[in-house]
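Inspection log for the structure reproduced underneath, given as structure tokens.
Reminder, nothing fancy here: chain letters follow the sequence lines and each chain counts from 1. What you are looking at is a predicted structure, and each value in this text was computed from that prediction instead of being measured.
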Amino acid sequence: MTAFFQWVGTMHPILQAVVVVIAFAVVVAVILLLVDIAPRKGAVYTWVRLAMCLLIPLAVMWVFNSYYWAMGVAVVVGALFFFLDYRSRDGAGYLIQLVAFMAPAMLLLLVGLILPSIQTMYASFLNSSGKEFVGLNNYIWIFTQSSGVSSVINSIIWVLLVPTVSTLVGLAYAVFIDRTRGEKIYKVLVFMPMAISFVGAGIIWRFMYEYRGKQYDQIGLLNQIVVWLGGEPQQWLLNQPWNTLFLIVVLIWVQTGFAMVVLSASIKGVPVELLEAAELDGASAWQRFWSVTVPAIRPALIVVLTTISIASLKVFDIVRTMTAGNYGTSVLANEMYTQFSKFEAGRSAALSVVLFILVLPIVIYNARQIKKQREIR
Amino acid sequence: MSDVKAETPENLSTHAVLTGRLDGAAGRTRKKLSRPWASIASIVIAFLWTVPTLGLFISSFRPRDQIQSSGWWEFFIHPEVTGENYVTVLQSGTTQLTILESFVNSIAITIPATIVPLMIAAMAAYAFAWIDFKGRNALFIFVFALQIVPIQMALVPLLSSFSRGINLFGLQVTLPLGASAGYAQVWIAHSMFALPLAIYLLHNFMSEIPGDIIEAARVDGASRGQIFLRIVLPLTMPAIASVAIFQFLWVWNDLLVALVFADGAAAPITKLLAEITGTRGNDWYLLTAGAFVSIIIPLIVFFSLQRYFVRGLLAGSTKG
């Protein structure tokens with residue numbers, strides 16, 4: 001694999017992409033072929049299956065350039081797997097099929113998310129070189145140091161403001177434009193920022209906030225408006241504590257479109273009969289909205305709030321490109337990267353664990369919702 | 001059962017058809033709702049949301065000295081257009097890369113990082129939806145929960161797995177991925193991080209395929225592989241398309257993964273832009289044009305495919 005990637009690495013960038021996609025397609029084709037052979041009856045196929053269970057782990061280990069030990073383990077596991085599959089109650093080949101479909105995703109998740117998360121939790125109790133156990137020192141450092149405390153507080157301000165404002169504006173907008181002429185264009189205009197990178201959005205808004213001394217012509221729109229109104233130009237991104245709010249505006253600008261689109265679709269799913277019945281009963285427009293529409297779109301509202309909350313907790317790019325976390329605007333994700341680039345591995349890990357703890361309640365709530373739904377099924 | 005059904009994407013679209021048919025009646029009800037201030041408010045919101053991008057776009061075509069000395073709204077008084085900013089910005093960059101090269105890098109990173117996780121997720125989603133096994137629900141919820149683990153937690157250990165190889169309980173499982181491996185690190189990292197969401201969204205869509213169709217195919221002697229390839233994948237295409245767009249935008253727009261995994265010559269355009277913003281933060285002729293170069297591909301993808309994109313968002317989101 002390393003050799004393969006090194007060989008690919010010598011090509012033109014675009015060609016690299018194409019070659020890798022083709023190689024991947026071949027792997028998928030082989031997997032699907034195996035799935036196809038797995039349940040067939042006959043001595044030949046039994047031998048094919050046995051060979052499969054022994055050779056594939058071996059081949060995988062070889063491709064990943066592993067050592068002989070791993071190969072030995074792989075062969076033993078493969079043989080065990082073969083006999084388990086042979087005696088499987090769901091018919092021969094059942095396990096092979098299941099594993100063939102699941103293994104790639106599960107392996108990647110294990111290596112890419114599960115193991116690293118555990119390692120990070122462990123690393124958060126170690127010092128910067130990762131060799132000495134320091135207990136809770138890294139966490140104590142976060143909560144005793146002004147930039148650490150302010151990044152925790154800022155993260156909480158982000159997660160309180162961004163979801164509420166963008167959901168409220170998105171909901172209002174979705175209701176206002178519902179079934180008006182040109183609804184599609186209205187939607188695209190507000191939804192468009194979703195396609196723009198946070199780096200791009202950061203530049204767009206730094207330009208909006210650009211400051212020039214009052215003797216010069218302003219080139220930032222916001223300051224120009226202030227000047228037109230007779231005020232003095234402001235350093236929007238430097239003046240604490242308000243600068244955090246001006247960064248938050250950027251994420252609201254990005255996320256409102258998402259809230260609007262989801263809520264708009266779910267508003268269209270509210271049964272018209274309900275609204276008409278409420279109208280016949282003499283409910284005003286506001287009453288109809290509050291006691292018919294809002295309860296009916298509750299699931300969508302929860303989803304929107306959850307998704308945006310998570311996005312605002314993890315916000316990084318906006319802070320990085322607009323202030324780099326200076327002037328008291330840092331957030332957890334940015335602080336974590338800053339410590340990482342200063343080679344403070346333990347502190348960086350502790351910061352991401354704090355971030356994880358803040359996200360945890362949202363995970364639990366959503367997992368419960370899914371569990372409920374799957375029980376209904 | 002009906003609770004779940006009512007929230008599926010297909011049902012949403014049937015809803016749309018239904019409400020479309022009832023539009024006459026609904027229209028009457030809603031017209032009374034819309035008051036002048038509502039339309040004024042929506043125009044104001046639409047205006048506020050568009051002006052920042054418009055300002056950037058106009059500025060990127062104004063001559064350098066004009067950008068630095070007067071606001072972009074003056075363009076309407078003294079319209080003067082130049083492409084010079086774009087020429088300059090495409091050639092500028094760091095010592096290793098120009099913006100143009102990093103733009104090519106972005107394409108090279110995004111294509112495999114969109115296709116690979118999607119295919120892997122489709123296979124896993126199929127197993128979750130249509131292969132019965134013990135602990136299926138628990139495992140599925142676990143995978144969903146992984147979606148919300150901040151990738152910040154995975155970055156540093158994953159980086160060391162790449163540079164030192166994976167070592168499990170003293171057993172060396174993989175060898176280090178050399179620095180000369182090009183984009184491999186970024187591709188693999190993006191593929192890993194995309195899986196929880198992609199599996200979740202695709203599973204929601206796949207599990208709504210009527211069981212009769214799959215049963216019938218099985219009776220006709222189709223194997224699981226054939227069912228996956230010939231029935232489930234084609235029927236899931238709308239969801240796959242939308243998740244693909246989602247993933248494409250996410251990878252293209254990403255900065256954090258790029259900062260950690262895409263070193264030197266492999267850096268995508270977001271990373272270079274962030275660097276330019278840091279070092280030449282007042283050169284607005286570079287920043288405006290550069291930002292627009294980075295925005296252009298996602299905007300094209302977004303405007304040409306937004307119909308599918310929106311459906312994809314809904315496929316997962318209405319279910320939560």
Side-chain angles (χ1 to χ4, degrees), chain A residues 2 5-6 9 13 17 20-21 24 32 35-36 64-67 69-70 97-98 101-102 104-105 108 112-113 116-117 119-120 173 176-177 179 186 189-190 195-197 199-200 203-204 208 217 219 224 261-262 265 268-269 272 285 303 314 316-317 321 333 336 352 355 359 363 367 374 376, chain B residues 4 15 22 26 30 33 38 42 45-46 49-50 52 56 70-71 104 108 111-112 115-116 120 123-124 127 131 137 141 145-146 148 150 152-154 157-158 171-175 180-182 184 192 195 223-225 253 255-256 270 273-274 277 287 291 294-295 298-299 302 310 314 317 320:
Chain A
T2 308
F5 276 128
Q6 273 163 357
V20 164
V21 168
F24 174 72
L32 289 179
V35 166
D36 224 34
F64 280 92
N65 300 337
S66 111
Y67 292 131
W69 262 106
Q97 291 177 331
L98 182 61
F101 279 116
M102 295 285 270
L108 284 182
L113 283 169
S117 300
Q119 277 173 298
T120 298
Y173 191 71
F176 292 158
I177 64 166
R179 283 164 233 269
Y186 271 123
L189 288 182
V190 170
I196 297 174
S197 67
V199 178
I203 293 177
I204 288 177
M208 288 286 286
D217 281 339
I219 67 167
Q224 180 65 67
V261 165
V262 174
K268 291 191 191 309
V272 180
V303 169
K314 295 200 275 192
F316 165 75
D317 320 38
T321 38
M336 176 251 145
S352 51
L355 185 61
V359 180
V363 185
R374 286 182 74 94
I376 298 167
Chain B
V4 176
H15 256 304
L22 293 169
R30 311 245 171 169
L33 253 172
S42 43
I45 295 175
W49 256 250
T50 319
L56 183 90
S70 67
V104 176
I111 294 170
I115 297 173
V116 170
I120 292 177
M123 298 202 305
I131 301 182
N137 279 2
I141 289 168
L146 282 180
I148 323 181
Q152 279 88 353
M153 276 188 74
L158 191 58
L171 204 67
Q172 190 78 21
V173 185
T174 68
L175 278 189
S180 52
M192 286 165 167
L195 284 177
S223 69
R224 278 194 201 277
N253 289 338
L255 175 66
L256 184 57
T270 44
L273 264 184
T277 316
L287 290 177
S294 81
I295 290 172
L299 278 191
F302 173 76
V310 170
L314 298 177
S317 56

Report summary line: Bottom line for Leu256(B): the part with an atom under 4.5 Å from chain A's heavy atoms is both

Report summary line: In terms of heavy-atom contacts, Leu113(A) and Met192(B) come closest through CD1-O, 4.1 Å

**Report entry** Which residues share a side chain to side chain contact (heavy atoms under 4.5 Å, CB included) with Met208(A), sequence neighbours left out
**Finding:** Trp205(A), Leu221(A), Pro52(B)

Requested in this report: Taking all non-hydrogen atoms of both residues into account, name the closest pair between Phe24(A) and Ile115(B) and its distance.
Outcome: CE2-O, 4.4 Å

Report summary line: On a heavy-atom basis, the closest approach of Val190(A) and Ala46(B) is CG2-CA, 4.1 Å

Query raised in the report: Heavy-atom distance under 4.5 Å to chain B: side chain of Val21(A), backbone, both or neither?
Result: side chain

Query raised in the report: To the nearest 0.5 Å, how far apart are OG in Ser42(B) and CG in Leu189(A)?
Result: 11.0 Å

**Report entry** Most contacts with chain A, counted as non-hydrogen pairs under 4.5 angstrom, among Ile295(B), Leu299(B), Leu255(B)
**Finding:** Leu255(B)

Query raised in the report: If you count heavy-atom pairs under 4.5 Å between each of Ala108(B), Ala291(B), Ser294(B) and chain A, which one has the most?
Result: Ala108(B)

**Report entry** Ala124(B) to Met102(A) - nearest heavy-atom pair and separation
**Finding:** O-SD, 3.9 Å

Requested in this report: Report the distance from atom CZ of Phe101(A) to atom CD1 of Ile131(B), rounding to the nearest 0.5 Å.
Outcome: 5.5 Å

Query - From Leu56(B) atom CG to Ile203(A) atom CD1, the distance as rounded to the nearest 0.5 Å - result: 7.5 Å

Report task. With a 4.5 Å cut-off on heavy-atom pairs, point out which of Leu195(B), Thr50(B), Ile111(B) contacts chain A the most. Result -> Leu195(B)

Requested in this report: Check Ala127(B) against Leu98(A) and note the closest heavy-atom contact, atom names and distance.
Outcome: CB-CD1, 4.4 Å

Query raised in the report: Is any side-chain heavy atom of Phe302(B) less than 4.5 Å from a side-chain heavy atom of Ile196(A)?
Result: no

Report task. Go through Pro298(B), Ala274(B), Pro112(B), Gly225(B) and name the one with the most non-hydrogen pairs under 4.5 angstrom from chain A. Result -> Pro112(B)

Requested in this report: Mind listing the closest non-hydrogen atom pair of Gly112(A) and Ala154(B) along with its distance?
Outcome: O-CB, 3.3 Å

Report summary line: Between the OG1 atom in Thr120(A) and the CG atom in Leu158(B), the distance rounded to the nearest 0.5 Å is 9.5 Å

Query - Qualifying residues under ring-ring contact (aromatic ring centres under 6.0 Å, His included), relative to Tyr186(A), sequence neighbours excluded - result: none

